[in-house]
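Read the structure below first, then the notes.
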Amino acid sequence: MVNDFGPDRKQTGKWQEIYPSNAFIGNYLRLELLSNAEIYDKLESDICGYFDYMAKRTGTLWEHDSIKASCNHGFASHVLVWLDHLGYIYDL
């Protein structure tokens with residue numbers, strides 16, 4: 001699961017018999033599992049893989065991995081919890 005799945009699975013063509021997950025809830029569950037297992041290098045790269053293009057395009061994180069639905073979704077704030085685990089959030 002750690003190496004064969006993730007944001008680039010559609011491009012790699014691995015596990016084609018399993019339908020790809022979407023932002024909510026599949027990608028979030030994957031990131032939560034990586035965080036809980038303290039696989040921080042993969043967590044960091046997957047956060048970038050899942051969300052970088054969203055943030056660059058609209059400055060927000062979306063409900064789906066395409067612009068077909070909400071492009072500014074509240075549950076996306078959970079990404080900050082993972083960024084805190086990675087040391088990107090600092091007390092002011």
Side-chain angles (χ1 to χ4, degrees):
M1 188 192 115
V2 172
N3 296 314
D4 286 357
F5 290 81
D8 62 346
R9 186 166 72 88
K10 289 178 189 176
Q11 291 80 14
T12 66
K14 293 182 179 178
W15 296 95
Q16 292 181 18
E17 65 275 16
I18 298 174
Y19 195 81
S21 63
N22 208 312
F24 189 73
I25 189 161
N27 297 349
Y28 281 79
L29 290 175
R30 173 184 173 74
L31 295 169
E32 190 66 21
L33 289 171
L34 292 171
S35 179
N36 289 342
E38 299 180 1
I39 306 173
Y40 294 131
D41 57 332
K42 190 68 172 158
L43 174 64
E44 183 174 18
S45 69
D46 280 13
I47 287 172
C48 291
Y50 285 133
F51 301 112
D52 187 58
Y53 72 97
M54 296 178 189
K56 286 180 178 174
R57 181 157 183 186
T58 64
T60 61
L61 304 181
W62 311 341
E63 179 178 5
H64 291 282
D65 60 6
S66 69
I67 59 171
K68 66 181 181 179
S70 172
C71 292
N72 186 10
H73 220 276
F75 69 76
S77 63
H78 191 70
V79 173
L80 293 173
V81 172
W82 299 315
L83 292 176
D84 183 46
H85 288 238
L86 294 169
Y88 286 100
I89 309 297
Y90 302 99
D91 292 331
L92 299 176

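Just so it is clear, the values below take in all heavy atoms, side chains as well, and ignore hydrogens, waters and symmetry mates.
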Under a single-linkage definition using a 4.5 Å side-chain heavy-atom cutoff for Ile, Leu, Val, Met, Phe, Trp and Tyr, are [X] and [Y] assigned to the same hydrophobic cluster?
X   : Y   : value
L80 : L33 : no
F5  : F24 : no
I47 : V2  : yes

Would you mind reporting whether Y50 and V79 have side-chain heavy atoms less than 4.5 Å apart?
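The answer is no, as the side chains (C-beta and beyond) never meet within the 4.5 Å cut-off.
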Would you call L31 and H78 a side-chain contact if the rule is heavy atoms closer than 4.5 Å?
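SC-SC contact between L31 and H78 ruled out.
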Which pair of heavy atoms, one from [X] and one from [Y], lies closest together, and at what distance?
X   : Y   : result
G49 : P7  : C-CB, 3.6 Å
G6  : D46 : CA-OD2, 4.2 Å
S21 : G26 : CB-CA, 3.8 Å

Between [atom1] on residue [X] and [atom2] on residue [Y], distance to nearest 0.5 Å:
X   : Y   : atom1 : atom2 : answer
I67 : M54 : CD1   : CE    : 11.5 Å
L61 : D52 : CG    : CG    : 10.0 Å
L83 : S77 : CG    : OG    : 11.0 Å
N22 : E63 : CG    : CD    : 8.5 Å
T60 : F51 : OG1   : CZ    : 11.5 Å
K42 : S45 : NZ    : OG    : 4.5 Å

Should the pair Y28 and F75 be assigned to parallel (<30°), tilted (30 to 60°) or perpendicular (>60°) ring geometry?
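Correct class here is perpendicular.
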Which label fits Y53 and W62: parallel for a plane angle under 30°, tilted from 30 to 60°, or perpendicular past 60°?
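Perpendicular, since the angle between the ring planes exceeds 60°.
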Under the side-chain hydrogen bond (donor to acceptor under 3.5 Å, both in side chains) rule, collect the residues that match up with H73, sequence neighbours excluded.
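H73 satisfies side-chain hydrogen bond (donor to acceptor under 3.5 Å, both in side chains) with no other residue.
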side-chain hydrogen bond (donor to acceptor under 3.5 Å, both in side chains) against D8, all qualifying residues, sequence neighbours excluded
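Once residues adjacent in sequence are excluded, D8 has no partner under the side-chain hydrogen bond (donor to acceptor under 3.5 Å, both in side chains) criterion.
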Checking side chain to side chain contact (heavy atoms under 4.5 Å, CB included) for the pair T58/N72: CA distance, chi angles, key distance, verdict?
CA-CA 8 Å; T58 64; N72 186 10; over 6 Å; no
Will you find, in the side chains of E44 and W82, an N or O donor that is under 3.5 Å from an N or O acceptor?
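There is no such pair between these side chains.
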Given T12, which of R9, K10, Q16 fulfils the side-chain contact (heavy atoms from CB on, under 4.5 Å) condition?
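Passing option: R9.
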Do R30 side-chain atoms and L43 backbone N/O form a donor-acceptor pair below 3.5 Å?
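A pair under 3.5 Å: no.
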